[in-house]
Novice: 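Have a look at the structure that comes next, please.
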Amino acid sequence: MEQATALVQHGAGKFEFENFDLPVLGEGDVLVRVEANGLCASDVEAYEGLDRDWDERPRILGHEIAGTIQDMGPATVNRRGLAVGDRVCVNPFVSCGICRSCLIGDLSGCTGHVERLRYGMVPTSVSPSLWGGYSTHAFVPRNGILYKVPPEVDALDATLWQPIAGGYEWAIAQGGLRVGDRLLVLGPGQRGLGAVLAARHAGAGKIVVTGLTKDRFKLDVALRLGADAVIDVESEDFVARCMELSDGEGFDVVLDTTPHAVTPINESVAALRRGGTIMVIGVKLRTLDGFPIDQFLYKRGTLKAVPGSTDRSYRLALDLVANNPKALSELRTHVFGFDRLGTALDVLKGQVAGENAINVVVTPNFTP
Ligand SMILES: [Zn+2]
Ligand SMILES: [Zn+2]
């Protein structure tokens, strides 16, 4: 009988391949044949066992899943528009639909399940074990949300919907960027570049992206994707350049995507427009020391923290993915089989000499 093969995490940096029986599907359930996973900073933290509430029960990582529908449960009427063989992206969160968080649209805050059902975090002891993308198969229960991928988009490209959805969510839906507004993106990684694409599409007036000297190739990609200007914060005067690029007024929205750094947030207060918003989207693993709170007060600023995305942003992102094949080819730099997850993460972190990574994809295949 066909089985799933999955890379199971047993500890910080400790992984083993294991086989699992494929689940018997009930009404509304779907079995996805996984084709690709996007990687993000949270995978790095999870790999090292640093994520907030992991209790060390074995689990299958991988939460940015794209694949095709292999099987659907009987009498599945809640999946109209989807059929076996369709390519889909999987919403990382399975929500109950009836708890207070779900009722206000905060799916990631769902408290309606005994175990929090976020792909890549659910222990394999929770039936039917297949809750992660570093596996040949993933289980999607009745309440799991699937997004149909247009047939012309392949699975590797489809994983880019995640950083682009983030861009919509952080800069526009939550950051409040309006047509003509100025956006300052701190950090030129895939999330920063996803925000460039989303903000350009949404009518931003000016988009500026910052990076380090070693990020030059990513800053060049930012310019090709539609950024108006870039700032090398190591060789240029960050605040002076920001003022110059914003006609002395500052930026309406600052989106901080820099991993584990707080200095960019602190310095960006000087580049913020009066009444502007600073968006924080990533884990810092430290406290926000040195924040110029008085300057922030006089500017009447807003500091907002929003990890993750919403259904609307996911849908907008898939449209953008389908209509911008050229942009996607700029963003995806590496593909690895799941037997090389450690290498994939090192490349994503920029720790492999000679490898310039933006979007790194892991497939459930063994490297030949
Ligand atoms: Zn992610
Ligand atoms: Zn809920």
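Numbering of ligands and ligand atoms starts at 1, following listing order.
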Novice: Is Glu64 close enough to the Zn ion (ligand 1) that one of its N, O or S atoms comes in under 2.8 Å?
Specialist: yes
Novice: Centroid-to-centroid, Tyr147 to Tyr314, below 6.0 Å?
Specialist: yes
Novice: With no hydrogens and no angle check, just 3.5 Å: does a side-chain donor-acceptor pair link Ser313 and Glu169?
Specialist: yes
Novice: How about Phe17 and Phe338: are their ring centres within less than 6.0 Å of each other?
Specialist: yes
Novice: Round to 10° and report the angle made at the Zn ion (ligand 2) by SG of Cys96 and SG of Cys110.
Specialist: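 Vertex at the Zn ion (ligand 2): approximately 100°.
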Novice: Cation-pi check, Arg59 to Trp131: give yes when NZ or CZ is under 6.0 Å from the six-membered ring centre and within 45° of the ring axis, no otherwise.
Specialist: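 No; the conditions do not both hold, so Arg59 does not lie above the ring face of Trp131.
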Novice: So, His113 and the Zn ion (ligand 2): N/O/S under 2.8 Å, yes or no?
Specialist: no
Novice: To the nearest 10°, how many degrees is the angle Cys99 SG to the Zn ion (ligand 2) to Cys102 SG?
Specialist: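 Angle SG(Cys99)-the Zn ion (ligand 2)-SG(Cys102): 110°, rounded to 10°.
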